[in-house]
Enquirer: 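Below is a structure I'd like to ask you about.
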Amino acid sequence: MTTDEKKEKSRKRQQAFRNRRLALGLKKVTSVLSNKEAGKLKEICDFFAPPGKPLSEDEAISLMINRFHSLIPALRVTAGSCQKCKSDLPAGCDGLFKGDLDCWHTLNRVQLYQIAEPNTTKLSDFIRTFEIKDQ
């Protein structure tokens with residue numbers, strides 16, 4: 001087999017792979033992580049893996065996406081409205097009043113997630129409960 005034939009065969013194989021992925025509705029996302037973030041991702045993979053079966057980085061990222069996405073309905077209910085423009089969050093004024101101390105966008109959305117270090121707070125500070133009311 002010549003070099004050109006090998007290249008053509010490889011090209012067709014890769015195209016078939018891309019076509020299968022497209023047919024399944026899969027999308028490839030590329031991200032650049034710092035060493036610290038890569039270490040955290042590895043720790044997430046190890047922590048959430050079932051016993052004896054490593055969790056791949058793709059699976060861990062999918063798990064995180066689905067977990068955070070499942071929180072959105074409850075967050076919409078509890079987010080309320082902006083103190084400045086009185087619009088529903090998270091959109092609010094779409095940043096029109098960003099910079100004003102009363103604008104939610106100025107606060108960088110810390111009303112949804114309070115960031116704290118584990119060694120300075122109790123575990124209960126990290127557990128958030130949401131009440132979803134039937135409408």
Side-chain angles (χ1 to χ4, degrees):
M1 187 179 284
T2 66
T3 305
D4 289 339
E5 290 172 335
K6 288 180 183 179
K7 286 181 181 179
E8 182 63 21
K9 189 174 180 180
S10 176
R11 187 192 65 73
K12 286 181 179 179
R13 187 177 58 250
Q14 287 297 318
Q15 186 60 50
F17 174 74
R18 288 190 294 270
N19 290 341
R20 283 192 305 274
R21 190 169 51 196
L22 185 64
L24 292 171
L26 302 176
K27 181 179 180 181
K28 183 177 181 177
V29 177
T30 305
S31 181
V32 178
L33 302 176
S34 69
N35 288 339
K36 192 174 184 178
E37 291 167 334
K40 289 178 181 181
L41 180 57
K42 184 184 179 331
E43 187 176 354
I44 289 169
C45 290
D46 295 342
F47 187 83
F48 288 102
K53 182 181 177 192
L55 193 65
S56 74
E57 292 172 345
D58 291 338
E59 291 170 322
I61 291 169
S62 292
L63 179 73
M64 288 185 286
I65 289 170
N66 289 315
R67 174 69 189 269
F68 280 109
H69 188 266
S70 71
L71 296 175
I72 290 175
L75 291 172
R76 285 189 200 281
V77 171
T78 60
S81 59
C82 178
Q83 294 175 11
K84 176 67 178 176
C85 66
K86 309 296 184 224
S87 299
D88 290 337
L89 296 175
C93 63
D94 289 324
L96 179 64
F97 297 109
K98 189 174 182 178
D100 190 300
L101 290 177
D102 292 328
C103 180
W104 186 67
H105 292 282
T106 304
L107 301 174
N108 199 20
R109 299 178 179 219
V110 292
Q111 292 173 345
L112 287 182
Y113 297 104
Q114 302 239 344
I115 300 171
E117 292 296 320
N119 58 358
T120 61
T121 59
K122 303 180 303 251
L123 179 61
S124 61
D125 292 341
F126 289 94
I127 301 171
R128 303 189 55 88
T129 57
F130 301 100
E131 182 179 327
I132 300 176
K133 297 178 183 177
D134 293 329
Q135 295 180 0

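If you read the sequence from its start, that first residue is 1, and numbering goes on from there.
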Enquirer: Between C45 and E57, is any pair of side-chain heavy atoms under 4.5 Å apart?
Expert: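 In contact.
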
Enquirer: About how many Å separate CZ of R21 and CG of N19, when rounded to the nearest 0.5 Å?
Expert: 10.0 Å

Enquirer: Please check if I72 and L63 belong to a single hydrophobic cluster, counting links between Ile, Leu, Val, Met, Phe, Trp and Tyr side chain heavy atoms closer than 4.5 Å.
Expert: no

Enquirer: Taking S62 for the side chain and D58 for the main chain, is one N or O donor matched with an acceptor at less than 3.5 Å?
Expert: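 At least one qualifying donor-acceptor pair exists.
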
Enquirer: For V32 and E37, which heavy atoms make the closest approach, and how far apart are they?
Expert: O-OE1, 4.3 Å

Enquirer: Got more than 12 heavy atoms from elsewhere within 6.0 Å of CG, N35?
Expert: no

Enquirer: Between CZ of F48 and CE of M64, what distance do you get to the nearest 0.5 Å?
Expert: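 So the CZ of F48 and the CE of M64 are separated by 9.0 Å.
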
Enquirer: Report the distance from atom NZ of K40 to atom CG of L33, rounding to the nearest 0.5 Å.
Expert: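 Reported to 0.5 Å precision, the distance equals 11.0 Å.
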
Enquirer: Pick out which of R13, K12, R18 makes a side chain to side chain contact (heavy atoms under 4.5 Å, CB included) with Q15.
Expert: R18

Enquirer: Below 4.0 angstrom, N of the basic side chain to O of the carboxylate: do E8 and R11 qualify?
Expert: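 Between R11 and E8 there is a salt bridge, with a charged N closer than 4.0 Å to a carboxylate O.
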
Enquirer: Among the clusters formed by ILVMFWY side chains lying less than 4.5 Å apart, do V29 and F17 turn up in the same one?
Expert: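 V29 and F17: separate clusters.
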
Enquirer: Going by heavy atoms in the side chains, are L41 and I61 under 4.5 Å from each other?
Expert: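 They are in side-chain contact.
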
